[in-house]
Amino acid sequence: MSENFSPEVVWVIVQVCIGIIVLLNLILNLNKYKNDTVNNRLSIWATGKYFFITFFWGVLGGHFFLGSAKPLFCCNWWLPVALLVVIAGILMLLRNKIKVKPYHQVILIICGLIYGHFVWSQRHEDTIFENGTCQNTNIFCKND
């Protein structure tokens, strides 16, 4: 996988995505509707029934910008993603049952950062794979 996505390619993709969001914000800021930018929409949604957006922003921040060097799940690289899908499903079921307060948002973003940093870090590839094959097949990396 690393032969397709070198660090330079990933950096370009991230920069293009950030550029698109900034451009979209500028375009929406210049239209005739007030408070109709991406940031305002996400803020409104995150304080309402889509409160879990804050958790996923934390996960993405921990995944892309922090990240531990030691993997938790070794060759089971798919397990953190599957667990994230399960968490998303649970949060979607709870979206109409929870009244979100500001301190909930702080807890959600911190939990997301912890998940993205420790559980779903993108810095694990060099630790797990050597010449394209997985070297540690234990689920929790017990024989390091």
Side-chain angles (χ1 to χ4, degrees), residues 1-30 35-144:
M1 181 151 152
S2 61
E3 62 272 356
N4 296 331
F5 293 105
S6 67
E8 294 82 20
V9 172
V10 172
W11 183 249
V12 169
I13 291 171
V14 169
Q15 293 299 315
V16 168
C17 290
I18 291 171
I20 289 171
I21 291 172
V22 168
L23 183 65
L24 186 59
N25 260 331
L26 288 172
I27 291 170
L28 290 173
N29 200 22
L30 297 175
N35 294 330
D36 188 34
T37 62
V38 174
N39 297 340
N40 289 334
R41 288 282 133 205
L42 282 175
S43 176
I44 291 167
W45 291 343
T47 55
K49 66 181 182 176
Y50 299 109
F51 64 90
F52 47 84
I53 290 173
T54 309
F55 173 75
F56 291 116
W57 275 116
V59 169
L60 290 176
H63 175 70
F64 286 120
F65 301 111
L66 297 175
S68 64
K70 182 173 176 6
L72 290 179
F73 297 109
C74 291
C75 291
N76 301 307
W77 56 266
W78 55 269
L79 201 54
V81 179
L83 184 59
L84 195 59
V85 170
V86 170
I87 291 170
I90 292 169
L91 292 175
M92 286 290 283
L93 291 173
L94 295 175
R95 72 177 182 210
N96 293 325
K97 295 174 177 52
I98 296 177
K99 287 289 185 193
V100 180
K101 295 180 174 51
Y103 70 89
H104 290 137
Q105 296 293 330
V106 173
I107 292 170
L108 283 168
I109 200 158
I110 290 171
C111 289
L113 281 168
I114 290 170
Y115 187 92
H117 175 71
F118 290 110
V119 180
W120 190 39
S121 174
Q122 73 173 8
R123 304 191 196 293
H124 294 165
E125 190 172 311
D126 294 337
T127 308
I128 298 172
F129 296 101
E130 190 173 306
N131 298 327
T133 60
C134 184
Q135 300 301 315
N136 192 336
T137 56
N138 286 335
I139 190 167
F140 291 113
C141 296
K142 291 183 180 161
N143 59 352
D144 291 326

Quiz item: side chain to side chain contact (heavy atoms under 4.5 Å, CB included) with Ile110: which of Ile107, Ile114, Leu108?
Solution: Ile114
Residues 13-28 side chain polar contacts: donor-acceptor under 3.5 Å, at least two apart:
residue	atom	partner	partner atom	Å
Asn25	OD1	Val38	N	2.9
Asn25	ND2	Asn39	OD1	3.4

Self-check item: Tyr115 side chain vs Pro80 backbone, donor-acceptor pair below 3.5 Å
Solution: yes
Self-check item: Separation of Phe55 CZ from Ile109 CD1 (nearest 0.5 Å)
Solution: 11.0 Å
Self-check item: Contacts of Phe56 that satisfy side chain to side chain contact (heavy atoms under 4.5 Å, CB included) - sequence neighbours left out
Solution: Phe52, Leu84, Ala88
Quiz item: side-chain hydrogen bond (donor to acceptor under 3.5 Å, both in side chains): which pairs involve residues 105-114, sequence neighbours left out?
Solution: Thr54-Gln105
